[in-house]
Amino acid sequence: MQKKGNTTVLPEEVYFEDLGNGITCIDTMLQRRGLASCYLIEQEEMAGFIDTGTNNSIPILLEVLKRKKIPRENVAYIMPTHVHLDHAGGTGGLMQELPNAELIVHPRGARHMIDPSKLEQGSLAVYGETAYAKRFGGLIPVDPGRVIEAADEFEMDFNGRKLLFLDTQGHAKHHYCVFDEQTQGLFTGDTFGASYPELNWGRAPLIFPPTTPIHFDPAAWYESLKRLMSLDPKRVYLTHFGMHENVPDLYTQLRLTIKDYAETAQEFKSSDNSERRIADSILQSAINHLLDQQCGVDVETIKSLIGGDMKLNAQGLQYWLENS
Ligand SMILES: [Zn+2]
């Protein structure tokens with residue numbers, strides 16, 4: 001949490017959108033507006049968060065509870081889809097503020113929430129010290145007595161509302177997605193890709209797989225997507241970013257982009273500067289797609305919105321090339 005002396009500093013902007021059926025999308029304000037979200041789910045007196053944002057996002061989440069007049073005691077569960085810090089970095093700090101909350105986490109992620117030192121090292125390696133501190137603001141361990149591991153097909157009765165947790169490999173080995181029976185909606189973390197509303201004005205949306213180091217696995221990813229689609233979801237709640245209802249279109253596009261990424265990585269495998277070449281190539285493909293689909297956003301703005309993602313994706317693809 002950002003603290004100055006004893007005073008908690010609330011980020012100036014708190015953006016959240018009520019999506020109906022007790023679901024609220026909250027902008028966790030990672031770097032800019034519209035990059036990363038998390039979700040508050042309410043069922044009568046019970047509340048929970050799916051993903052948390054980073055440690056810097058905690059004041060935003062608490063402010064949303066306050067504005068929605070939800071007592072902190074009513075938050076029963078924190079459900080990070082996986083333990084990457086833009087999804088789970090706020091978990092430990094948030095649990096300190098929410099006395100009754102239990103953590104529901106993928107079995108492979110549990111130990112990293114209890115002892116976040118490895119996670120911290122991993123993120124430092126990817127982002128470097130300065131960017132890590134600014135972006136994620138540190139990590140707080142979770143008390144093991146408050147941790148529940150959600151194995152594949154773990155079902156939760158969320159105050160009469162059924163939530164189903166599915167192990168979804170491809171982006172990370174510690175990733176689950178959550179199917180909400182009431183809305184026939186899927187909380188997909190990074191498994192159903194990233195698609196930014198600012199870029200979705202064209203005929204077909206831009207959606208891409210975050211291939212962040214170090215677990216990218218295209219074959220496993222296709223299987224996960226197939227399994228998610230077998231539930232016939234009516235909507236997906238993406239962390240990056242917001243609710244989308246054109247699910248079959250997104251699915252088709254995302255599968256193609258995963259295939260394209262894997263092929264691009266292979267193509268540059270033996271080149272000098274392969275990581276930079278991969279980054280340039282996947283960025284150019286995204287720009288071409290957006291221009292073809294007449295998204296109406298200029299190239300410089302596109303670059304500023306997804307350039308950072310493409311660099312990170314190239315890092316993950318490079319790692320995959322070297323280790324698969
Ligand atoms: Zn991730």
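Every heavy atom of this structure was used, including side-chain atoms; hydrogens, water molecules and symmetry mates were not. Counting starts at 1 for both ligands and their atoms, in listed order.
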Tell me, please, whether Y176 has R227 positioned over its six-membered ring: NZ or CZ under 6.0 Å from the ring centre and within 45 degrees of its axis? no
2.8 Å cut-off met by an N, O or S atom of H82 to the Zn ion (ligand 1): yes
Ion pair R235/E245, N-O distance below 4.0 Å: yes
Please report, to 10°, the angle around the Zn ion (ligand 1) from atom NE2 (H171) across to atom OD2 (D190). 80°
R33 charged N/C atom sitting above Y15 aromatic ring, 6.0 Å / 45°: yes
Check all N, O or S atoms of H84 and name the one closest to the Zn ion (ligand 1). ND1
Indicate the ring-plane relationship of H171 and H175, choosing parallel, tilted or perpendicular according to the 30° and 60° boundaries. perpendicular
